[in-house]
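Remarks on the structure that follows.
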There are 2 protein chains.
Amino acid sequence: MPEPSVANTLRRPRAPRKTAGTAPASPSAGGPEASSGLDTSYLETLLGYNARRAALAVITVFLRRMAPFGLRPVDFSVLTLIAHNPGVTSRQLCAELDILPPNLVGMIKNLDKRGLIERKPHPSDRRAQGLHLSAEGKQLQKQAQLTATRLEHDVSDTLTPAELDTLNALLRKVYQR
Amino acid sequence: MPEPSVANTLRRPRAPRKTAGTAPASPSAGGPEASSGLDTSYLETLLGYNARRAALAVITVFLRRMAPFGLRPVDFSVLTLIAHNPGVTSRQLCAELDILPPNLVGMIKNLDKRGLIERKPHPSDRRAQGLHLSAEGKQLQKQAQLTATRLEHDVSDTLTPAELDTLNALLRKVYQR
DNA sequence: TATTGTTATACTCTATAACTATA
DNA sequence: TATAGTTATAGAGTATAACAATA
């Protein structure tokens with residue numbers, strides 16, 4: 001049996017669908033109910049469920065705002081890592097972003113074709129190539145980063161700045177071990 | 001141009017890969033660096049990036065622990081929603097979990113084939129069918145839920161119980177609007 | 001006319017094997 | 001012998017269109 005991928009746990013949300021009037025036969029008592037009318041109180045106690053839904057909400061806005069730049073989240077991550085780490089290799093990007101090398105090839109090729117990055121010979125390893133942003137790439141990445149930073153505040157407008165800081169710090173504590 | 005999916009933002013992490021000795025040419029000053037040696041300080045300020053990585057960390061453990069039950073995260077969510085909302089319809093599950101109806105069909109069919117759920121005629125709408133857990137399904141869901149609850153604490157062992165509560169509450173504030 | 005569940009199918013994303021050039 | 005980058009391709013996940021039955 002093939003291992004299930006993690007991918008299906010995040011999905012792009014679409015236009016809200018009007019929920020049918022079929023109420024659940026016996027909703028659990030106690031917990032508040034979601035907008036769908038279903039009892040989701042248990043799932044909402046789970047960090048995985050909450051992190052997935054929060055990531056989903058943020059990424060949805062991200063997709064919309066980054067569309068003008070022609071950048072998916074992964075493209076933005078790649079471009080940003082190159083911007084902050086000029087000369088970085090494909091292999092390093094793969095390790096950091098957990099992308100398999102064969103799947104990065106197309107992205108790099110595409111960014112190169114768009115004239116956003118340049119591949120220069122690596123100073124000490126002739127197998128590798130150092131990745132750099134072109135002038136145009138620097139320009140685009142700068143704009144995209146501004147957009148991402150602005151987005152950061154917009155998607156968390158239900159939180160105080162202090163709460164956002166706390167949230168980010170706690171999330172980092174979960175995945176940095 | 002086809003819209004990018006949100007799926008590529010989450011991926012199953014694999015065995016850690018030894019990072020090459022190619023250091024970045026000019027790491028940004030100030031921020032602490034990730035284990036890969038790259039400067040990821042900016043990305044780590046982004047809620048989307050942090051939520052994605054945290055979800056990734058949790059889901060990875062989830063996949064491993066739920067494998068004995070033959071349940072992917074989405075299967076567990078479906079089973080759990082049916083458990084807590086007996087008589088729920090496919091349409092309601094789709095709305096709550098943001099699954100497209102055609103993609104839920106196979107999952108429901110599979111759970112039915114495994115004898116975990118039963119499809120009964122809907123009391124008031126002959127188009128729909130009410131979903132219920134079988135005795136075996138109830139048993140499995142109960143065990144799986146116990147596993148999920150235990151996992152919840154294990155993956156957050158770098159957090160105090162109070163911090164975990166805070167984290168979950170803040171995440172809910174992000175996606176509940 | 002709209003909705004539930006469904007089939008068929010296209011497209012995107014993720015993973016594995018294997019090759020070359022170099023270390 | 002191992003690693004960086006690459007190609008080809010298989011497998012899993014996500015999306016749209018369209019249909020029959022019912023509301």
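Lettering of chains follows the sequences in order, A, B, ..., and the numbering in each one begins at 1.
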When rounded to the nearest 0.5 angstrom, what distance separates [atom1] in [X] from [atom2] in [Y]?
X       : Y       : atom1 : atom2 : answer
E163(B) : L167(B) : CD    : CG    : 9.0 Å
T147(B) : R65(B)  : OG1   : CZ    : 8.0 Å
R53(B)  : T40(B)  : CZ    : OG1   : 7.5 Å

Donor/acceptor link under 3.5 angstrom from D125(A) side chain onto base of dA4(D): no
For [X] and [N], what is the distance between atoms [atom1] and [atom2] respectively, to the nearest whole Å?
X       : N       : atom1 : atom2 : answer
H122(A) : dA4(D)  : NE2   : P     : 10 Å
D98(B)  : dG13(D) : CG    : C1'   : 13 Å
L93(A)  : dG5(D)  : CG    : C1'   : 13 Å
L100(B) : dA18(D) : CG    : P     : 16 Å
Q92(A)  : dA4(D)  : CD    : C1'   : 11 Å
R91(B)  : dA23(D) : CZ    : C1'   : 13 Å
L104(B) : dT16(D) : CG    : P     : 16 Å
L131(A) : dA4(D)  : CG    : P     : 13 Å

Would you tell me if any nitrogen or oxygen in the side chain of [X] comes within less than 4.0 Å of OP1 or OP2 on [N]?
X       : N       : value
R127(B) : dA23(D) : no
R126(B) : dA23(D) : yes
Q129(B) : dT6(C)  : yes
R119(B) : dT6(C)  : yes

Among the nucleotides dT14(C), dA8(D), dG5(C), whichever has the atom closest to the side chain of P102(A) is dA8(D)
Of the nucleotides dT6(D), dT14(C), dT6(C), which one has an atom closest to the side chain of P101(B)? dT6(C)
Do other residues, nucleotides or ligands put more than 12 heavy atoms under 6.0 Å from the NZ atom of K138(B)? no
Option among Q145(B), Q139(B), Q143(B) that satisfies the side-chain hydrogen bond (donor to acceptor under 3.5 Å, both in side chains) test with Q141(B): Q145(B)
Could you go through F76(B) and F69(B), starting from their C-alpha distance and side-chain angles, then the distance that decides it, and tell me whether this counts as ring pair (Phe, Tyr, Trp, His ring centres under 6.0 Å)? CA-CA 9 Å; F76(B) 174 73; F69(B) 300 107; 8.9 Å; no
Please report the C-alpha distance between H84(B) and T80(B) in whole Å, then the side-chain angles of each, then the deciding distance to 0.1 Å, and finally whether the side-chain contact (heavy atoms from CB on, under 4.5 Å) criterion is met. CA-CA 6 Å; H84(B) 297 351; T80(B) 297; 3.8 Å; yes
Please report the end-to-end axis angle for the helix from dT1(C)-dA23(D) to dA23(C)-dT1(D), five pairs per end, rounded to 10 degrees. 10°
